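Keep in mind that the numbers below use all heavy atoms, side chains included, and drop hydrogens, waters and symmetry copies. Counting starts at 1 for both ligands and their atoms, following the listed order. These numbers were taken from a predicted model, which means no experiment stands behind them.
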Amino acid sequence: MDKLNVSQVKRERSAKKHSVYLHIKQTVQSYPWNWPVLGMLPGVLVRLSRIDDIISVLEKNNLTFLLKGPWFAKMDMLFTVDPANIQHMLSSNFSNYNKGPEFKELIDVFGGSILIADGELWKNLRMSSQAILSRQGFQNMSMSVTTSKLKDVLLPLFSRFSEDGTILDLQEVFQRFMFDTTLVTTIGSDPQSLSTEMPELELAKALENAGEAIVFRHFIPRFMWKFQTWMGLGQATKLIDAGATFDRVCAKYILAKRKEIQEIDHHHDHPDGESEDVLTYFMNLDTSKYELLKPSDDKFLRDTIVASILAMRDTTSTALTWFFWLISENPYVEAKIRQEINTNLPKAESSQERSWSAIDRKDYLNKLVYLHGALFETMRLYPPIPFECTSPIKSDVLPSGHRIEANFSIIIPIYLMGRMKSIWGEDALQFKPERWISETGKLRHEPSSKFFVFNSGPRICPGKNLAMLVMKNVVVEILQNYDIKLVKGHKVKPKPRLVLQMKHGLRKHFGYLHIKQTLQSYHWNWPVLGMLPAVPLWLNRIDDLIWVIEKNNLTFLFKGPWFTRMDMLFTVDPANIHHMLSSNFSNYIKGPEFREIVDVFGNAMFNTEAELWRNLRMSTQVILSRQSFQNFSMSVTTSKIKDVLLPLLSRFSEEGTIVDLQDVFRRFMFNTTVVTTVVSDPQSLSTEMPEFELAKALEDAGEAIVIRHLIPRFVWKFQRWMRLGQEKKLIEAGATFDRVCAKYILAKREEIRAQEIDHHHDHSDEESEDLLTYFIKLDTSKYELLKPSDDKFLRDTILASIVAMRDTTSTALTWFFWLTSKNPHVEAKIRQEINTNLPKAESSQERPWSANDRKEYLNKLVYLHGALFETMRLYPPIPFERSSPIQSDVLPSGHRIEANFTIIIPIYLMGRMRSIWGEDAVEFKPERWISETGDLSLLPSSLHLTPVQEFVLVSI
Ligand code: HEM
């Protein structure tokens, strides 16, 4: 294997090990668009998986884009998301536009229903459908069917799953739920597809197969699928079979209904016509009003049943699935919805004193404005029907200026439309129910040509209001009883279908949402084992842990197993923190246990106390605050960026290599830290990505130390004595530290000696010396407890410097890039800030900057500063801090603590507390750091700066 291959393999291995991968890619402009013969098809295929790129193409083309298909394939299409075009085609010029013959042909299996029909037939179908959908009786029936299905089937099923700890696929649950309720409202009988057995139903299966085959037809030239149908091949067979199933199953329903009607006629026992099901309504239709409809014709009734299921089932169940996923990703939205539900809930319902009428329930649901906004917002981002087709009967010119011939295909990609910044603003990609709430707290109206999810004009969805009520009903019942969490690691993405369902991997019955009861039900404090058994449970459920701490007023006493000395007080209460780390500082130390746990690092500043700490702190502060040291560090960073990091990223980008950015940043910071500490550059960042013993030892030591925190002291003491497991690694890491540092120290002493002999040496340079030189030459009269001549002291100093700078900064950078890639609006704002403040000279590279110029420029980047703070608020590089009182004390929270008791401040959780940061605590919002005057907000006094914090931020 040659050298390059080796490095490639190493890189892949390291990428697997870590969890952050970012793909460096060129922008889409560089791909060729229009090919000879093949047209734009190859370009489209490349871009299909790059929704962002397609969005930017549409934005660049003023929201309308002409796609050239392969020559002679009749696949040219106009894509438009321009609200003006939509208003023109679907409202003001409605009579000149229809679904087009091609679309009808594509979905022929659904017959001539309302969803497909045009012209007079459509008008008849529309008027008759609207008549039944607008009946109070029909709406009430639909609501009661939904409510009883929820109470009698769905909730008991959830309870059972929750007790068993079963993970289930919520998409499938909602599909079955909607299938059952849709069939009850359509034909009056319940197929009971939702049950513990989850039986497979042929009609449901046929609908799925038909949907798949139809999508396939959209993507291949017409003559190909025509040929396949003729030969009965591939997808075509599925479609033919699905059609046959529709015929057979619907015939059965129709026959049964006819019998039922006859019997009722026979007994003269007419039920209330207002609440009849769809099939009964259409069978009894007054044909004098709707001349083109034929209630006696089984084909007409079959198409009506299929259309009714299609219109109601998948649309609603899909919207519900995306909704639950989005709120599980946005817990603050979920909290707001729960609050709205509880605030508006009438007393009677909560105490279950009386059952509600459908009308009471409707009134209540209509009050839930924020929930309404959250459902609209879900469908804006994940519209159940992701695209719409239309075609002009006569040639026309669109408001966008595009001239289109008769029968030309026009596609409205609704999915993309909801993501356009020019339509929805800079935050288009964010899930923000607030955008639907007006200043007076009412629902904000958006024209249907803009919020096109329910179509627009005369063909607007006639079931919209009913669908909203049904969805609200489902959400309220579920949220009142359950917490729903996404199973960790499950990938969520849409699958291209007629209805925008969620693609959840290949495994069919693989679930993705975990239903669980609220935390109260867990067994907490066990005899002998204390709370230890609950720990693994919490560790996977950070949200619960946050909730427990919030419930306990930010301070929580953890009981470890008996006799293990593992009891600890967890606190994130800013008042306690201020007390321990500031006002009562002298009574608090890291504690002997902590020192013992991190003994491999020796006497570093972060694990010493009292006078020794004061000496270390003062001497360190002197060098860190030197202008020259700061400038030295800045130039090291800058040249490492320009000479190493950027060329490497360019190369990866050209090769299309996927890099582990965490590894890159760690190596980058390792190099710059070692340079500022001892001056010699280990060059760990290069195409070869060599492994370094010092870096490796630091990693092993870190791992072992975490384990020491989690297990009882006697266990790791015993392991150390036996040289077992992670303790063995720790001993080896210690030896590596000794050896490598001894080398650095020896080299540095020699260098200093040589300089002292060399009389030409200019001492004015002293100001920009590295850390090791500084400590070797330290003035011991000022710092009596420090011993520059002692190699052990220098070794500990080198290590402390690397530990303090390397991982903290590189970790913050890695999370920062991940968060900005997930929040493109933040990235855009940062880029803008960078460009706006960039001095002309730099951009044209006319003159090199001094470190001072650069510092001044970086200090202007307030929004970037906020984004970095925000990154560290959510992902603090040091996730917890430890403290212990020398003498017993009472904390401001009222907790009495004995001397030497362990107190943990879980900084990671602290950044996620709603009671500290507000309802949007878990959101990434750099804006929270910007004051009204555009400056950086002052930190709350409970959060304390470390001496290097500002320095580190400037380096970043
Ligand atoms: C979240 C739920 C729903 C969404 C997003 C939705 C969306 C839509 C859209 C986009 C169309 C136009 C389709 C086209 O012309 O290609 C449509 C049509 C239609 N929808 Fe809905 N719908 C939903 C629920 C329902 C429900 C619950 C019903 C019935 C109770 C219903 C009944 C209909 C009917 C009958 C049409 C055909 C209208 C026509 O062509 O004139 N929809 N819907």
Side-chain angles (χ1 to χ4, degrees), residues 86 89-91 94 97-100 103-104 106-107 110 112-135 138-139 141-143 145-146 174-175 177-179 181-186 214 277-278 281-282 303-323 372 374-391 410-415 417-418 448-449 451-475 498-501:
I86 292 175
M89 297 183 297
L90 294 160
S91 295
F94 176 71
Y97 284 84
N98 61 24
K99 300 263 176 186
F103 180 70
K104 275 187 202 154
L106 285 175
I107 60 171
F110 297 135
S113 72
I114 180 168
L115 297 168
I116 295 137
D118 282 316
E120 276 310 307
L121 175 62
W122 168 75
K123 258 185 219 151
N124 272 235
L125 285 164
R126 173 89 194 183
M127 278 160 61
S128 54
S129 301
Q130 213 146 8
I132 176 162
L133 288 179
S134 59
R135 278 187 186 167
F138 182 78
Q139 293 186 7
M141 171 186 66
S142 178
M143 281 294 289
V145 169
T146 314
F174 287 140
Q175 269 180 2
F177 177 84
M178 284 308 301
F179 186 67
T181 52
T182 302
L183 274 178
V184 177
T185 41
T186 305
I214 289 169
D277 56 64
V278 174
Y281 167 79
F282 275 103
D303 293 352
T304 306
I305 296 173
V306 174
S308 172
I309 301 174
L310 277 180
M312 287 198 243
R313 180 187 85 138
D314 280 355
T315 46
T316 316
S317 64
T318 303
L320 280 169
T321 311
W322 286 110
F323 170 84
H372 201 112
L375 286 163
F376 269 12
E377 187 68 351
T378 301
M379 292 187 280
R380 182 181 69 81
L381 289 169
Y382 297 97
I385 299 187
F387 64 93
E388 175 71 37
C389 306
T390 187
S391 198
I410 299 169
I411 312 272
I412 305 167
I414 312 175
Y415 178 79
M417 194 169 175
S448 56
S449 54
F451 181 56
F452 188 58
V453 164
F454 289 100
N455 215 321
S456 181
R459 281 197 99 127
I460 197 166
C461 172
K464 179 180 168 190
N465 292 339
L466 188 61
M468 290 306 292
L469 274 176
V470 167
M471 290 191 287
K472 285 185 187 175
N473 203 8
V474 173
V475 172
L498 287 184
V499 174
L500 191 78
Q501 290 170 355

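Close to ligand 1: W122, with a non-hydrogen atom less than 4.0 angstrom away. Judged by the shortest distance from any of its heavy atoms, M471 lies inside the 4.0 Å radius around the atoms of ligand 1.
Here the rule is side-chain contact (heavy atoms from CB on, under 4.5 Å) with V278, and of I309, T186, T182 only T186 fits it.
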(request) Using the ring-ring contact (aromatic ring centres under 6.0 Å, His included) rule, take W322 and Y415 through it: C-alpha gap first, then chi angles, then the decisive distance, then the call. (result) CA-CA 13 Å; W322 286 110; Y415 178 79; 8.2 Å; no

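Less than 4.0 angstrom separates some heavy atom of E388 from each of these atoms of ligand 1: 13 (C), 14 (C), 15 (O), 16 (O). Proximity to R126 (heavy-atom distance under 4.0 Å) selects the following atoms of ligand 1: 38 (C), 39 (C), 41 (O). Proximity to L115 (heavy-atom distance under 4.0 Å) selects the following atoms of ligand 1: 36 (C), 37 (C).
The nearest pair of heavy atoms linking S449 to M417 is O-CE, 3.1 Å. Here the closest heavy-atom approach between residue R380 and residue G418 is recorded as NH1-O, 2.6 Å. Between Q175 and S317, the closest heavy-atom pair is CG-OG, 3.5 Å. For L125 against S113, the heavy-atom pair with the smallest separation is CD1-C, 3.8 Å. When all heavy atoms of T185 and S142 are compared, the closest pair comes out as CG2-CA, 3.8 Å. When all heavy atoms of D277 and I132 are compared, the pair lying nearest together is O-CD1, 4.1 Å.
At least one donor-acceptor pair under 3.5 Å links the side chain of T318 to the backbone N or O of D314. The backbone N or O of S128 lies less than 3.5 Å from a partner atom in the side chain of Y281, making a donor-acceptor pair.
Neither the backbone nor the side chain of L125 comes within 4.0 Å of ligand 1, counting heavy atoms alone.
Nearest protein heavy-atom contact of atom 10 (C) of ligand 1 is V453 O, 3.3 Å.
Scored by the salt bridge (charged side-chain N to carboxylate O under 4.0 Å, His left out) test, K99 finds E388 as partners (sequence neighbours excluded).
Checking only distances, T316 never comes within under 3.5 Å of ligand 1, N or O to N or O. Taking any N or O of S129, backbone or side chain, none lies under 3.5 Å from an N or O belonging to ligand 1.
Within the sub-2.8 Å shell of atom 21 (Fe) of ligand 1, the protein contributes these N/O/S atoms: C461 SG.
Around atom 15 (O) of ligand 1, the closest heavy atom drawn from M379, K99, Q139, R459 belongs to K99.
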